[in-house]
A.B. asks: 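Below you will find the structure I want to go over with you.
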Amino acid sequence: MNNVKVAVEKVVKSFGSLTAADNIDLDIMEGEFLTLLGASGCGKTTLMRMIAGFETVTSGRILIDGKDVTHLSPRDRNLGMVFQQYSLFPHMTIAENIGYGLRARRLPEAEIRNRVREMLELIQLPHLAESKPPQLSGGQQQRVALARALAGRPSVLMLDEPLGALDQKLREQLQEELRRIHRETGSTFLFVTHDQEEALSLSDRIAVMRGGKISQLASPEELYLRPANDYVADFIGQVTFIDGIWQRSTGHVTTAYGQRLKAEIELADGPVRLAVRPENVRLAEADAPNSVNGTLVEMVHQTGTTTYQVELPNGLMVKARQLGLREARLQPGTPIGLHFDTCKLAFAQI
Ligand SMILES: Nc1ncnc2c1ncn2[C@@H]1O[C@H](COP(=O)(O)OP(=O)(O)O)[C@@H](O)[C@H]1O
Ligand SMILES: [Mg+2]
């Protein structure tokens, strides 16, 4: 796992006056599942297309297995691609679709048959070998597209929002399937999504992108626990920002609404922006010692947890998450106390 599979070096892409990739450096390690995550328009597809060779670079270099491929055509880079649209050939059988690229490369017929069978087993659809794509569900078609992309044993499999057209339940199934296939093949996966939950559940590492730049590249845990900036903190998971003045000698931040919050942060004294996760805020009775008073605005029940939205007197909305169903006595409008855990996440105010 210590070899660099793909190296992106100082890559810039301009479309006229727009910079879609702004001096990007990125190493993708052999066998890893790396995700480009970011809002629509931040440059994910452009970066992937440059690695695949469908888009030229304005400047910079791209290496695959240590070899400079910057000016090679896509077919000389040996990469597999899967898109949101399944793009299978409707008149060909599933087996023919999976073997299509191998046939184009003129592999011996016996080897093609073997690989197609192997791929059908990998996606657990051997019984559909002779069906045609229109007879398959969306999820099945996307598994076939995956098999077709993997059949040529690509050095990297690239997936651009491949689950975007599927409903939530199916997405979750396919995510599990992708994790299994990644594990079983040991291939290098480069995945693109704008969905943070999807990125968190699939990836070894995530590159959070913003405006053509990589804002932070790290494991899901690292991004959540140690976001490099407030953008990442807000993008990965939920967060409430609370501005205040930090004083190391007292270990407290005095907030704009007057309350002092305990903190353990590595910043110089002065204005800071605390980032508070919902699981680090607990509900208390109104006027409880060391708590902040607010008014309950809304409760949202998710699987296994309830998120309470509480408005502080200065209008700031704070989210608090607790395990279990909501407590019946709590109604919107109820005065409530909030207890903040020692805050460990903060950024310098600019
Ligand atoms: N062929 C193109 N010509 C001009 N602008 C483009 C082209 N492709 C992408 N862009 C622009 O580059 C930016 C990044 O696009 P894209 O890589 O598709 O973002 P993402 O995949 O993250 O949604 C966007 O502002 C988009 O409009
Ligand atoms: Mg895109």
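The first residue in the sequence is number 1, and the count goes up from there. Both ligands and their constituent atoms are indexed starting at 1 by order of listing.
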A.B. asks: Quick check: does S40 have an N/O/S atom under 2.8 Å of the Mg ion (ligand 2)?
C.D. replies: no
A.B. asks: Are E111 and R115 ion-paired here, with the side-chain N under 4.0 Å from a carboxylate O?
C.D. replies: yes
A.B. asks: What is the minimum heavy-atom distance between G138 and L166, and which atoms define it?
C.D. replies: C-CD2, 3.9 Å
A.B. asks: Carefully, step by step, assess R205 and E222 under the rule salt bridge (charged side-chain N to carboxylate O under 4.0 Å, His left out).
C.D. replies: CA-CA 9 Å; R205 289 194 302 161; E222 190 74 14; over 6 Å; no
A.B. asks: Should the pair F33 and F191 be assigned to parallel (<30°), tilted (30 to 60°) or perpendicular (>60°) ring geometry?
C.D. replies: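 The arrangement is tilted - the two ring planes meet at 30° to 60°.
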A.B. asks: Same cluster or not: L34 versus V69, using hydrophobic residues (I, L, V, M, F, W, Y) connected whenever any side-chain heavy atoms lie under 4.5 Å apart?
C.D. replies: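 Same cluster.
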A.B. asks: Who's touching ligand 1 if we go heavy atoms under 4.0 Å?
C.D. replies: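 Lining ligand 1 at under 4.0 Å, by heavy atoms, one finds F15, L18, A20, A39, S40, G41, C42, G43, K44, T45, T46.
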A.B. asks: Using the rule that two of Ile, Leu, Val, Met, Phe, Trp, Tyr join whenever any of their side-chain heavy atoms come within less than 4.5 Å, decide whether Y224 and L200 are in one cluster.
C.D. replies: yes
